[in-house]
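These numbers were taken from a predicted model, which means no experiment stands behind them. Each residue takes its place number in the sequence, starting with 1.
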Amino acid sequence: MKQFYFLFLLFATHLTFGQVNSKPYDYFVQFNGDQLSKKVSIDQVLNHPLIRRYKEGKANLDLSKYTALFKLDQKITVHGNFTDSIPYYQVTMPIKSKEAVRQFLIEEHTKNKNTDSVEVPSIQDYGKYAVFTPKNKKASFVWNDNYLVLVELTKKYKPKSYDWESTAQDSVAIDEPYQETSTETVEEPAQSAEEAAISAAKETEEAMAVSNVAYEKEEADFNLLQSEQQSLFIKSLFENGFTAPVSEKVNVAADISSWLNYSSAMTSLNSAYSALSKFTSYNKFLPLQNNAASMVKGINLDFYFDNDNARIEEVVEYTEAMAAIAGKMTDRKINKNIFNYFPDEKPLGYMSYHINTKAALENFPNLMADLFQNQYLVKEDLTVVTDLISTIVDEEATATLFDGDLSLFLYHVNEVEVTKKSYGYDENYEEKITEEKVKKNIPLFSVVFTSTHPTFGDKLIQLGLRKKFLEQRGDFYQILGTEEYGTVFIKKDKDVVLIANTLDYFDAGKGLFVKEAKKELKKNYISGKLNFARASFAYDNSGKAQEKESSKMKRLAEQFNEVTFQSPKKLINNKLTFELKLNALKSDKNIILQTLDLADELSK
C-alpha cells in the first residue's frame, strides 16, 4: 500500500508540473529587461561612481560577475504556487553561456578553496541540462544552453501530534504526603515518593526518546520524497526542451510587473494560522478562498522608470459583481462647499478622499456575508445578522453624518510658544498643576469633511459647550485643552466641518490651488501630493533645522519636485487603479541614474 501511495504521488507530481505555459500561477513577477534596457543600460548603472565605490570598498560588491552570466536585457521571471498540493517557487534567468554558469557555481560553492583541502561541488549532467543542489540546501540550480532556473518545492513537514501530556500523566505518580499504615499483608515497603518520581521521569524520558526517533524517521522520509518529487519536476521542465514561463496577467509594457492571485493569498493566510485551531476556533471564521475569489480576482503591481518620473501602479481586478459595487462607491459627486476651505496656494502636502458613503453602507452587510460565509457560519445565520444590521442602520440617514468628502492639509511647521501643563503633588499630597511657556514646533494643519445631517452637528457642538469641551470664539469654537498643539478649533459652516489649528490659508476657495484640486478630483476619487520644495522650506524655518540635514533637504528638492498619488473614479474592465509617482525636476537622464547621483552626493 505504501508503494502504491508513493507511485500515485509521483504521477500526480508529473501532472502538476508538466510544462504548460497557460498554467495559472498564484503569483508571477516579471522583470522586463528588454523594456527597461531601452531607457537605461546596465553598463550605465554598473559604472556609476556610487556602484564603483561599493565594488572597491569594504562591501566588495562586484556586480560585473553577474552581468557576465545573465542577459539582463531580456525577461527574468519569478513565479510559483502556494496553494497547490505540491507548492513551489521558480526563478528563471536567461544566460550567456552554459559553461560559464557551471564554472561560476563551482567557484562559489567550492569549500576551503583557499587551502589545500578542496571539495568541488557535485554537479549532475544530464546532457540537455545540468543540476546542482548545494549541500544542506533544498533549492536546486538547473541550467541548459539558454536558461538558469532556481527551483524549490516549499511544502513544510508537519509532524504528527504526539501526546506528551497523556504519556507523562500515565507515567508520573502523584506526589502525596506519606501516610503510615499498619497491615500484616504487606511484606515489602511501599515505594517512596522520591523513588516514584525518579522512575516516572525515567519512563517519560524513554517515551520521548522513542517518539523522537519516530519523528526523525518521518522527517527523513518526507525530505526524501520531497527530493524525489523535485527531481521529477526538474525533469518535466527540461527533458523535452525548456520553455520560459509566461503569464497573460503581467504587463509587458511595465519595467517590472507582478501579479498576485488574491484568493490564493487568502487561502495561504488561512493555512498559516491553521495551528491556532488547537487553541482557539477564531481562525475558522477567517475569509476563505472561495469567498475572496467572489470579490477580488487578483492584484497587479507594476513599476515604471522614466526620465522625468518613477511610478508604481497598483491594479485591483474585481469580479463583475464586486466591480459594480466598487464603482458605485468611488463615483461620488463632491459637495462643492468643501472647496471653500481649501487653501489658496499649494500646501506642503495634502490628501483628498471622496466616496459614496451611502453606497458603502447599503452594500456592507452583503459584502461581509459573502466574505465570511463558511461551514461554521451557515447562510441562514448570516441572513439574520445582515437583516439586523440593515434594520438598525438607516443607510440614508447614517450616510449624512459623514457624506464621504474628506480632505487633509499640511501647510507649514512653525515654532510657537505654547502653554504646557505638568501635574504633580504638593507636600500635603494634593494635586498640583503647573503651567509653563515653552517653544515647540507645531505642524499647521486642517481637516475638512462634509456632513449633511440637519441637526447632529449643531447638537454635538452644543453638547461640547455644555460640557465645557468647547468655547465659542466668534464663528468658530476652540477645543479646550489643545493649547500644546497650537490651539485646535472647530468650525461648522452649513454642510462643512473644519478642524484646524490655523486660519491663515483660506479665502473662500478662490485660489489657484483650488482650481487645480477641482480638476484632479473631477476624475479621481482620491488625490494627494507632497511638495519637496515646500517641505524643505518648512524645515528650514522650523526653528530647529540642522545645517547638514537642511542641506540634504534642499538637494532633494533640487532633484525631485513632488510625490503624487491618485486613483480614478471609473473602473475599466472591472479594474481599479492606484498610482504613486515621484516626479523629477530634470529629465536629462533616467530617474534611476538621477537617484544614484543624489545618493552618491549625499553619502559623501
side-chain contact (heavy atoms from CB on, under 4.5 Å) for Phe238 and Val142? Distances and angles first, verdict last. CA-CA 9 Å; Phe238 282 86; Val142 194; 3.4 Å; yes
Verdict with supporting geometry, Gln74 and Asp34, side-chain contact (heavy atoms from CB on, under 4.5 Å): CA-CA 5 Å; Gln74 296 185 15; Asp34 52 341; 5.8 Å; no
Would you check, one step at a time, whether the test side-chain contact (heavy atoms from CB on, under 4.5 Å) holds for Phe305 with Leu593? CA-CA 10 Å; Phe305 302 96; Leu593 298 176; over 6 Å; no
side-chain contact (heavy atoms from CB on, under 4.5 Å) assessment of Glu317 paired with Trp259: CA-CA 10 Å; Glu317 183 180 2; Trp259 158 262; 3.7 Å; yes
Would Tyr157 and Tyr215 count as a ring-ring contact (aromatic ring centres under 6.0 Å, His included) here? Give the steps. CA-CA 11 Å; Tyr157 171 61; Tyr215 169 85; 5.7 Å; yes
Start with the C-alpha distance between Gln90 and Thr92, add both sets of side-chain angles, then the distance that settles side-chain hydrogen bond (donor to acceptor under 3.5 Å, both in side chains), and finish with yes or no. CA-CA 6 Å; Gln90 177 183 328; Thr92 304; 3.0 Å; yes
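Leu556 is not listed as a side-chain neighbour of Ser536, based on a closest heavy-atom distance of 4.5 Å or more. Under the 4.5 Å side-chain criterion, counting only non-hydrogen atoms from C-beta, Val151 is in contact with Phe233. Contact check for Asn223 versus Lys138: side-chain heavy atoms found under the 4.5 Å cut-off. Side-chain contact between Ile42 and Asp73 is absent, with no heavy-atom pair separated by less than 4.5 Å. For the pair Thr154 and Tyr89, the minimum side-chain heavy-atom distance is below 4.5 Å. Contact check for Leu585 versus Glu558: no side-chain heavy atoms found under the 4.5 Å cut-off. Between Asn32 and Leu36, every side-chain heavy-atom pair lies at or beyond the 4.5 Å cut-off. Between Glu579 and Ser567, the closest side-chain pair of non-hydrogen atoms is not below 4.5 Å.
Look at Arg102 and Glu99 and you find a salt bridge, because one of the NZ, NE, NH1 or NH2 atoms lies within 4.0 Å of a carboxylate O, short of that distance. Using a 4.0 Å cut-off between charged side-chain N and carboxylate O, Lys65 and Glu108 make a salt bridge. Between Glu601 and Arg555 there is a salt bridge, with a side-chain nitrogen of the basic residue lying less than 4.0 Å from a carboxylate oxygen of the acidic one. A salt bridge does not link Glu152 with Lys137: every distance from a Lys NZ or Arg NE/NH1/NH2 to an Asp or Glu carboxylate oxygen is 4.0 Å or more. Under 4.0 Å is where a charged nitrogen must lie from a carboxylate oxygen, and between Lys575 and Glu314 no such pair does.
Here OH of Tyr350 is found 11.0 Å from CG of Asn531. Values are rounded to the nearest 0.5 Å. Note that CD of Glu320 and CG of Asn573 are 11.0 Å apart. Values are rounded to the nearest 0.5 Å. Atom NZ in Lys98 sits 13.0 Å away from atom CD in Gln103 (nearest 0.5 Å). For the atom pair OG of Ser231 and CD of Gln124, the computed distance is 7.0 Å after rounding to the nearest 0.5 Å. To the nearest 0.5 angstrom, Leu580 atom CG is 10.0 Å from Phe303 atom CZ. We find the OH-CD1 distance between Tyr353 and Ile526 to be 6.5 Å, quoted to the nearest 0.5 Å.
Of the options Lys581, Lys589, Arg311, a salt bridge (charged side-chain N to carboxylate O under 4.0 Å, His left out) to Asp306 is made by Arg311 and by none of the others.
Using modelled atom types, one side-chain atom of Gln44 and one backbone atom of Ser41 make a donor-acceptor pair closer than 3.5 Å. Judged by distance alone, the side chain of Lys128 and the main-chain N or O of Glu239 form a donor-acceptor pair under 3.5 Å. A donor-acceptor pair is defined here as one N or O able to donate and one able to accept, closer than 3.5 Å; no such pair exists between the side chain of Ser407 and the backbone of Ser352. Asn524 places a side-chain N or O within 3.5 Å of a backbone atom of Glu520 that can act as its donor or acceptor partner. Side-chain N or O atoms of Ser258 include one that pairs as donor or acceptor with a backbone N or O of Leu301 at under 3.5 Å. A donor-acceptor pair is defined here as one N or O able to donate and one able to accept, closer than 3.5 Å; no such pair exists between the side chain of Ser551 and the backbone of Glu547. Within the 3.5 Å criterion, the main-chain N or O of Asp43 finds a donor-acceptor partner in the side chain of Asn47. Counting only distance, with no hydrogens or angles, the side chain of Lys96 and the backbone of Thr67 share a donor-acceptor pair below 3.5 Å. Between the side chain of Asn146 and the backbone N or O of Ile95 there is no donor-acceptor pair closer than 3.5 Å. Counting only distance, with no hydrogens or angles, the side chain of Asn81 and the backbone of Thr83 share no donor-acceptor pair below 3.5 Å.
Phe104 and Tyr66 have their aromatic ring centers within a separation under 6.0 angstrom. The aromatic ring centroids of His354 and Tyr525 lie 6.0 Å or more from each other. Taking the six-membered ring where the residue is Trp, the centroids of Tyr129 and Phe242 are separated by 6.0 Å or more. If you look at Phe82 and Tyr27, their ring centroids are closer than 6.0 Å. In this structure, Phe532 has its ring center at least 6.0 angstrom away from the ring center of Phe537.
Judged by distance alone, the side chains of Thr564 and Gln566 never bring a donor and an acceptor atom under 3.5 Å apart. Counted by atom type alone, His79 and Asp26 present zero donor-acceptor pairs between their side chains at under 3.5 Å.
Nearest heavy atoms, Ser587 versus Asn307: O-ND2, 3.2 Å. Closest of all the heavy-atom pairs between Ala584 and Gln594 is CB-OE1, 3.7 Å. Listed here is the closest heavy atom pair of Gln30 and Thr77: OE1-CG2, 3.7 Å. When all heavy atoms of Ala130 and Ile123 are compared, the closest pair comes out as CB-CG2, 4.1 Å. Of all non-hydrogen atoms in Gln229 and Ile86, the two that sit nearest each other are NE2-CD1, 4.1 Å. Closest of all the heavy-atom pairs between Asp255 and Gln35 is OD1-CG, 3.3 Å.
Under a cut-off of 6.0 angstrom, the local environment of NZ in Lys554 is sparse, with at most 12 non-hydrogen atoms contributed by other residues, nucleotides or ligands. Heavy-atom neighbours of Asp125 CG from other residues, nucleotides or ligands within 6.0 Å: above the threshold of 12. Around atom NZ of Lys155, no more than 12 heavy atoms belonging to other residues, nucleotides or ligands sit under 6.0 Å away. Heavy-atom contacts from other residues, nucleotides or ligands closer than 6.0 Å to NZ of Lys235 number 12 or fewer. Other residues, nucleotides and ligands contribute over 12 non-hydrogen atoms within 6.0 Å of the CG atom of Leu224.
Between Phe141 and Phe132, the angle of the ring planes stays under 30°, which puts this pair in the parallel group of the 30/60° scheme.
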